[in-house]
*Asks:* 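Before I ask anything, here is the structure I am working with.
Predicted model only: the values in this text are computed from it and were never measured. Quick note on labels: first sequence line is chain A, next is B, and so on, each numbered from 1.
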Amino acid sequence: MATTDAAELAKAYDPRAVESRLYARWLAAGYFKPRIDPRRRPFTIVMPPPNVTGRLHIGHALTAAIEDALVRWHRMRGEPTLWVPGKDHAGIATQVVVERELAQQGLTRHDLGRERFLEKVWEWVRTYGSIIDEQHKRLGVSCDWDRLAFTMDPGPARAVRTMFKRLYDKGLIYRGARITNWCPRCQTALSDLEVEYQDDEGLLAYVRYPLVEREGEFLTIATTRPETILADTAVAVNPADPRYQAVIGARVRVPGVDREVPVVADSAVEMEFGTGALKITPGHDPVDFEIGQRHGLPAITVIGLDGRMTAEAGAYAGLPVEEARARFLDELRARGLLERVEPYRHRVGHCQRCKTVVEPLITEQWYVRIQPLAEPAIAAVREGRIRIIPERFEKVYFNWMENIRDWCISRQLWWGHRIPVWYCRACPREIVAVETPTACPACGGPLEQDPDVLDTWFSSGLWPFSTLGWPDDTPDLRYFYPNTLMETGYDILFFWVARMIMLGIEAMGDVPFRDVYLHGLIRVEGKKMSKTAGNVLDPLELMDEYGTDATRLALTVGTTPGNDTELNLQKLEACRNFVNKLWNSARYVLLNVPAAERPATLAPLTPPAGASAPDRWIVSRANHVVAEVTRLLGDYQLGEAARTVQEFLWGEYCDWYVEMAKIQLRVGDAAAQAATRYTLARVLEQTLRLLHPFAPFVTEELWQTLLAEPLARADTTLPPSIMIAPWPTPGPRDAAAEAFVEDVIELIRAARNLRQERKVEPARYVPATVVGGARTAELRAVAPLVSGLARLQPLEIVDALAAPPRQALPLVAGGFEAYLPAAELFDVAQERARLERELAEVERLIASGEARLANPGFTQKAPAAVVEGARRQLLENRERRERLAAQLRALEE
RNA sequence: GGGCAGGUAGCUCAGCCGGUUAGAGCACCACGUUGACAUCGUGGGGGUCGGAGGUUCGAGUCCUCUCCUGCCCACCA
């Protein structure tokens, strides 16, 4: 496939040059499609369908990065992997944005009429729908585009009607006139979830209600909404309130209105609030509505659907609510019925989409009787058939589900799934059907469809199975349902996840997915991102500037499930630098490992014949990283997994192994050099596979380049793409090699440190003697590395030293004892100070180690391995102390 | 009113079942052009893990209380 090689690889990675090329190739090769195998359990996930309201933002990019990483990982593990992409018509949200656009031309949807308005919306959907798909492709998502779904497609639409009819037939959908949240701007009912409460500055008016037939006596009530007094049909007090026992059952005159209403007793009244007496307005307050129902009170409507006072409001008819409030207060004041008005901050409901203040009004709406659906949904999570990650959200879920109220599903909008109910005027009767009926089945009369549409979440609630062909019994549905995973932001746990669980169990008799992974929200500069705050990061711009891989890494590294994360340009830059580092390390390997020697196998990593200690070390470390990353991914710890690979690649492979390899390739014999080249290539190859879920493009590009030769062989057994290469499995560890090389690294570090401390010019070689003790032979084998990396030359390695050399900088590190006999760098006072400092530190460690081991509680109760570790550590520290002390003594002579 | 999360180096965050000397990236300081990489390398400074108490041989990690910050839910009008 790829023809580029080291010589052609640019000095720095240019993402734009490769991303679109690779994506097109993957798509053409069909890698995104599941390879169905009836014997294997599939990995299934549906994409949370983005709203077609506009472009994708960084939150969508986060979703895509997490899901694609998991999808790629599972695919590499050989699971038949299906990722269904989709988009949501987003009823009210989309209608609002299109209306907003019309408003700029001075038009409303009524100017166009239903039909033309819907054409306009479809136009919008086509424009933004394809932008969204392009953005997703740019992000590298490996979803099955052939199954791209839209909530308004015929399939999902039939699913919606089928579900509606099913619930209706079971008596779980009903129509009723109840008090419901109404947005006067959108002109529609809203569900409880679509109302956002915020603290607004308001007022609290204390108003006198004269008692009937008790001249001069009155009840004072406190209200934030004096204008609704016009619709009062009672006053309520708490039955246990001693202050009001005498008035229960009495009648009061509604101030400003010539209406006598009863004083009722209801325990919903809080005695502590205001005066303890509550005005009851069943027509305009949900609590009052319920109290009204309990006491058989009538409901009066003084506020209309347009948010203005109705004819019932008499003199105030036609006024907006705010103005009616002010004027009515004036009237009360004039009549001496207003005791006082206090400023008052309280929670006021606003429309989620347009922010208009919501009015609770009595309207005829369709509802889902939710309790029978909620119970099995609660049980599914309670019994572990669905697992929520992080677990703490299970509590949130239970709390909401256990207090759930009926779901208002009808919307007086134009954009959405039309409610599948038809009315026959002649009979009269209502018909609920999946297929549009042409005439009344009873009398043959003409039918009229219900003008309303469904809450957009009704259709998204069916997503895990409506995208697989439900209500038909399709092979897809049988194989891929339940989905394995639902991945989304915790902000739509109730809106979406809970509804999918309820509707999924109802429709399919089984949970819609097994795991729910909830990610956090992205914040920029400490704030939630929003257009008004002007801190919106556009994923396209980020990908242009830093590349897709870096953008995706920035979104995944350092994030934990359910926690919000901070994204900033520094982080993107760091990730871009990492991608570049990977690119350059690959260039080194490509330049030094001839094409014919590139790995033709993806088998678990084992050290080659003739491997040096560093070769064995890096192989062992690589195997450790495979195990660790696999474990972390299995635990949904994507951030940690990505960071682990990153640290290995940069901190161990590049910083140490490549540097050692450079020397080994210069000084070793042919066999040793071959072993090093093999190790360089295979460790890199394996690391590319580990990183592929997080950085798909650069890893594929490098993999193709690295393996170009073996891939091109006629008899190759390699898969043609890293995307479908097997996920690595760990080979054996080599504890001895790990320990030894880590000690050598410590020695080199200490030597470098000492050089800098003594201001030795970096380029200068300094002679050194190292005492190897029992490890002399091993150490001699890596002498060129120590010599080269610490710039020590000539380097003498001895098993023992009769006496420390004079006029030498002494050093103890990694269990080795070393001397840099450079007389001109030597300064007794400085060396003494340095050694004493180190000695003091070691003494401290020895003291604490001795104290622990002297504690019988520790030696008896702590695990044997921990005690053993402490013993070994103590011995090592004591040994180190002896050496430091000897060096210090030598200094004094 | 109820619930949840976070408070660890100047900043952004890791730290799994409690186990020796708490980590990373960025920022900071010093030095560095040996052909993978200055989008880099080497070395360094910097934190008694919000506070108090407790459990334990041992606590950033568990428990209680407390103070900040953010979020969610809720019918005190």
Side-chain angles (χ1 to χ4, degrees), chain A residues 6 9 11-13 197 204 221-225 228 236 268-274 277-281 285-291 344 346-347 390 392-393 395-396 399-400 403 490-491 493-494 520-521 523 526 528 546 550 557-560 562-568 570-571 573-592 631-632 635 637 639-640 643 646-647 651 654-655 658-659 662 749 752-757 759 761-763 788-789 841 844-845 848-849 851-852 855-863 865-867 869-870 873-874 877:
Chain A
L9 280 188
K11 213 171 171 191
Y13 178 51
Y197 291 89
L204 189 61
I221 59 93
T223 179
T224 55
R225 303 210 53 189
T228 63
V269 180
E270 291 287 332
M271 293 188 276
E272 290 72 31
F273 188 87
L278 172 65
K279 71 189 218 48
I280 301 299
T281 321
D285 184 284
V287 182
D288 294 6
F289 183 82
E290 280 176 23
I291 293 175
Y344 189 65
H346 64 136
R347 287 165 65 76
R392 69 184 133 92
F393 282 102
K395 212 187 252 182
V396 180
N399 181 52
W400 189 73
N403 299 295
Y490 64 74
D491 53 330
L493 176 60
F494 305 144
L521 275 26
R523 283 168 308 155
K528 201 162 146 181
Y546 299 96
V557 176
T559 62
T560 39
N563 285 354
D564 294 353
T565 47
E566 167 85 12
L567 183 70
N568 51 48
Q570 288 73 27
K571 195 163 173 183
E573 209 171 296
C575 291
R576 195 255 335 252
N577 293 354
F578 170 70
V579 170
N580 189 246
K581 182 76 179 177
L582 169 64
W583 180 263
N584 281 301
S585 62
R587 286 183 70 220
Y588 172 78
V589 174
L590 291 165
L591 284 165
N592 288 280
R631 181 185 71 81
L632 289 166
D635 214 18
Q637 299 204 47
E640 275 300 281
R643 202 176 58 91
Q646 192 170 319
E647 268 172 20
C654 290
D655 287 352
V658 170
E659 294 309 314
K662 284 176 184 172
R749 282 214 164 109
R752 283 171 169 171
N753 177 350
L754 182 56
R755 291 173 57 107
Q756 288 218 355
E757 217 172 79
K759 308 231 185 304
E761 294 122 66
L789 296 177
E841 176 63 11
R844 200 176 63 75
L845 293 174
S848 93
R852 289 184 82 197
N855 182 343
F858 176 67
T859 46
Q860 283 159 25
K861 292 184 188 174
V866 174
V867 177
Q873 196 73 40
L874 180 60
N877 282 328

*Asks:* Under a 3.5 Å limit for both distances, which nucleotide forms a Watson-Crick or G-U wobble pair with B:rC4, could you say?
*Replies:*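 Answer to the pairing question: B:rG70, which forms a Watson-Crick or G-U pair with B:rC4.
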
*Asks:* For A:T224, which contact category applies under a 4.0 Å heavy-atom criterion: base, sugar-phosphate, or nothing?
*Replies:*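 Answer is sugar-phosphate: A:T224 comes under 4.0 Å of backbone atoms only.
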
*Asks:* For A:P286, report the nucleic acid contact type (base, sugar-phosphate, nothing); a contact means any heavy atom under 4.0 Å.
*Replies:*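 No contact.
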
*Asks:* From the set B:rU42, B:rG6, B:rC16, return the single nucleotide nearest to any side-chain atom of A:D655.
*Replies:*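 The nucleotide sitting nearest to the side chain is B:rU42.
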
*Asks:* So does A:N580 get a side-chain nitrogen or oxygen closer than 4.0 Å to the phosphate oxygens (OP1/OP2) of B:rC40?
*Replies:*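 Negative; the distance criterion is not met.
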
*Asks:* Nearest to the A:S848 side chain among B:rA77, B:rU21, B:rC4, which nucleotide is it?
*Replies:*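 Selected nucleotide (nearest to the side chain): B:rU21.
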
*Asks:* Classify A:G639 by what it touches in the nucleic acid, base, sugar-phosphate, or nothing, heavy-atom distance under 4.0 Å.
*Replies:*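 A:G639: no heavy atom of the nucleic acid under 4.0 Å.
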
*Asks:* Tell me which nucleotide among B:rG43, B:rA36, B:rA14 gets nearest to the side chain of A:R749.
*Replies:*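 For the A:R749 side chain, the nearest candidate turns out to be B:rG43.
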
*Asks:* Side chain of A:T223 only, heavy atoms from C-beta on: which candidate in B:rG44, B:rC4, B:rA77 is closest?
*Replies:*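 From the listed options, B:rA77 comes nearest.
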
*Asks:* Please determine if a side-chain N or O atom of A:N577 lies less than 4.0 Å away from the OP1 or OP2 oxygen of B:rC40.
*Replies:*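 Indeed, a polar side-chain atom of A:N577 lies that close.
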
*Asks:* Does B:rU64 have a Watson-Crick or wobble partner in any strand here, with both distances under 3.5 angstrom, and which is it?
*Replies:*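 Because both required distances fall under 3.5 Å, B:rU64 counts as paired with B:rA52.
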
*Asks:* Looking at every strand, decide which applies to A:E659 at a 4.0 Å heavy-atom threshold: base, sugar-phosphate, or nothing.
*Replies:*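 It contacts base atoms.
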
*Asks:* Using 30° and 60° as the class boundaries, would you call the ring planes of A:Y344 and A:F273 parallel, tilted or perpendicular?
*Replies:*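 Ring orientation, 0 to 90° scale: perpendicular.
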
*Asks:* Regarding A:Y197, tell me which of base, sugar-phosphate or nothing describes its non-hydrogen contacts under 4.0 Å with the strands shown.
*Replies:*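 Here A:Y197 touches no strand at all.
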
*Asks:* Within the modelled atom types, does a donor on one side and an acceptor on the other bring the side chain of A:E757 and the base of B:rA30 under 3.5 Å apart?
*Replies:*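 A donor-acceptor contact between them is absent.
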
*Asks:* If we call it a pair only when both distances are under 3.5 Å in a Watson-Crick or G-U wobble match, what pairs with B:rC26?
*Replies:*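 The base-pairing partner of B:rC26, which may sit in any strand shown, is B:rG10.
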
*Asks:* Counting the atoms with a prime plus P, OP1 and OP2 as sugar-phosphate, which does A:C575 contact under 4.0 Å by heavy atoms, base, sugar-phosphate, or nothing?
*Replies:*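 Here A:C575 touches no strand at all.
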
*Asks:* Please determine, for B:rC75, whether a Watson-Crick or G-U wobble partner exists with both distances under 3.5 Å, and give it or none.
*Replies:*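 Here B:rC75 is not engaged in any pair, so there is no nucleotide opposite it.
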
*Asks:* Roughly how many Å is it from CD in A:E566 to C1' in B:rC71, rounded to a whole number?
*Replies:*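 Taking atom C1' of B:rC71 as the reference, CD of A:E566 is at 16 Å.
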
*Asks:* Within the pair A:R523 and B:rC13, is there a side-chain N or O less than 4.0 Å away from OP1 or OP2?
*Replies:*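 So the side-chain polar atoms of A:R523 do come within 4.0 Å of the phosphate oxygens OP1 or OP2 of B:rC13, strictly under.
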
*Asks:* Just call it for A:V557: base, sugar-phosphate, or nothing, with non-hydrogen atoms closer than 4.0 Å on any strand.
*Replies:*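 Here A:V557 touches no strand at all.
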
*Asks:* Scan A:R225 against the nucleic acid and name what it touches under 4.0 Å (heavy atoms): base, sugar-phosphate only, or nothing.
*Replies:*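 No contact.
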
*Asks:* Of all the choices, B:rC73, B:rC4, B:rG6, which nucleotide is nearest to the side chain of A:K395 once you look at every atom?
*Replies:*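 The nucleotide sitting nearest to the side chain is B:rC4.
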
*Asks:* Honestly, is A:R576 close enough over A:Y546, meaning NZ or CZ under 6.0 Å from the six-membered ring centre and within 45° of the axis?
*Replies:*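 No, A:R576 does not lie over the aromatic ring of A:Y546.
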
*Asks:* According to the Watson-Crick and G-U wobble definitions, with both distances under 3.5 Å, which nucleotide is paired to B:rA38?
*Replies:*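 No nucleotide pairs with B:rA38.
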
*Asks:* A:D564 and A:Y490: side-chain donor and acceptor closer than 3.5 Å?
*Replies:*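 Indeed, the side chains of A:D564 and A:Y490 share at least one donor-acceptor pair under 3.5 Å.
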
*Asks:* Quick one: is the NZ or CZ of A:K662 closer than 6.0 Å to the six-membered ring centre of A:Y588, and within 45° of its axis?
*Replies:*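 Judged by the rule (NZ or CZ under 6.0 Å from the ring centre, within 45° of its axis), A:K662 counts as positioned above A:Y588.
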
*Asks:* Taking the minimum atom-to-atom distance to the side chain of A:K662, which one of B:rA77, B:rC37, B:rU20 wins?
*Replies:*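 It is B:rC37.
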
*Asks:* Which is true for A:P863 with a 4.0 Å heavy-atom rule: it touches a base, it touches only sugar-phosphate, or it touches nothing?
*Replies:*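 A:P863: base contact, heavy atoms under 4.0 Å.
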
*Asks:* Please tell me which of the listed nucleotides, B:rU42, B:rA77, B:rG19, lies nearest to the side chain of A:A862?
*Replies:*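 Of all the options, the side chain of A:A862 is nearest to B:rG19.
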
*Asks:* Given B:rC4, B:rG43, B:rC76, which nucleotide is nearest the side-chain atoms of A:N753?
*Replies:*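 Given the options B:rC4, B:rG43, B:rC76, the side chain of A:N753 is closest to B:rG43.
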
*Asks:* At under 4.0 Å between heavy atoms, what does A:T560 touch on the DNA or RNA strands: base, sugar-phosphate, or nothing?
*Replies:*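 Counting heavy atoms under 4.0 Å across all strands, the contact made by A:T560 is with sugar-phosphate only.
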
*Asks:* Counting the atoms with a prime plus P, OP1 and OP2 as sugar-phosphate, which does A:V658 contact under 4.0 Å by heavy atoms, base, sugar-phosphate, or nothing?
*Replies:*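 If one applies the 4.0 Å heavy-atom cut-off, A:V658 turns out to touch a base.
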
*Asks:* If you check the A:Y344 side chain, which of B:rC26, B:rA77, B:rC31 turns out closest?
*Replies:*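 Nucleotide nearest to A:Y344's side chain: B:rA77.
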
*Asks:* Now, which nucleotide makes the Watson-Crick or G-U wobble pair with B:rG58, with each of the two distances under 3.5 Å?
*Replies:*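 Pairing partner: none.
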
*Asks:* When both hydrogen-bonding distances must be under 3.5 Å and the geometry is Watson-Crick or G-U wobble, what is B:rC16 paired with, if anything?
*Replies:*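 Its partner: none found.
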
*Asks:* Quick one: label A:Y546 by what it contacts on the DNA or RNA (base, sugar-phosphate, nothing), any heavy atom closer than 4.0 Å.
*Replies:*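 Answer is nothing: A:Y546 stays at 4.0 Å or more from every strand.
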
*Asks:* Using only side-chain N and O atoms of A:R752, determine if any of them is under 4.0 Å from OP1 or OP2 of B:rG43.
*Replies:*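 True: A:R752 side-chain N/O within range (under 4.0 Å) of B:rG43 OP1/OP2.
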
*Asks:* For A:A574, which contact category applies under a 4.0 Å heavy-atom criterion: base, sugar-phosphate, or nothing?
*Replies:*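 The residue A:A574 makes sugar-phosphate contact but no base contact.
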
*Asks:* Taking atom P in both B:rC13 and B:rG50, compute the distance separating them and give it to the nearest angstrom.
*Replies:*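 About 15 Å, rounded to a whole number of Å.
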
*Asks:* Quick one: does any side-chain atom of A:D285 pair with a main-chain N or O of A:V287 as donor and acceptor, under 3.5 Å?
*Replies:*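 Present.
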
*Asks:* Let's see if you can work this out: which of B:rC76, B:rA36, B:rA5 has an atom nearest to the side-chain heavy atoms of A:N563?
*Replies:*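 So the side chain of A:N563 is nearest to B:rA5.
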
*Asks:* Tell me which of A:G857 and A:Q646 sits closer to the 5' end of RNA chain B, going by the nucleotide each one is nearest to.
*Replies:*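 Comparing both residues, the 5'-ward one is A:Q646.
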
*Asks:* Counting only distance, no hydrogens or angles, is the base of B:rC37 paired donor-acceptor with the side chain of A:K581 under 3.5 Å?
*Replies:*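 Per atom types, the contact qualifies.
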
*Asks:* Which part of the nucleic acid, if any, lies within reach of A:D635 when heavy atoms closer than 4.0 Å are counted: base, sugar-phosphate only, or nothing?
*Replies:*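 Result for A:D635 = nothing.
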
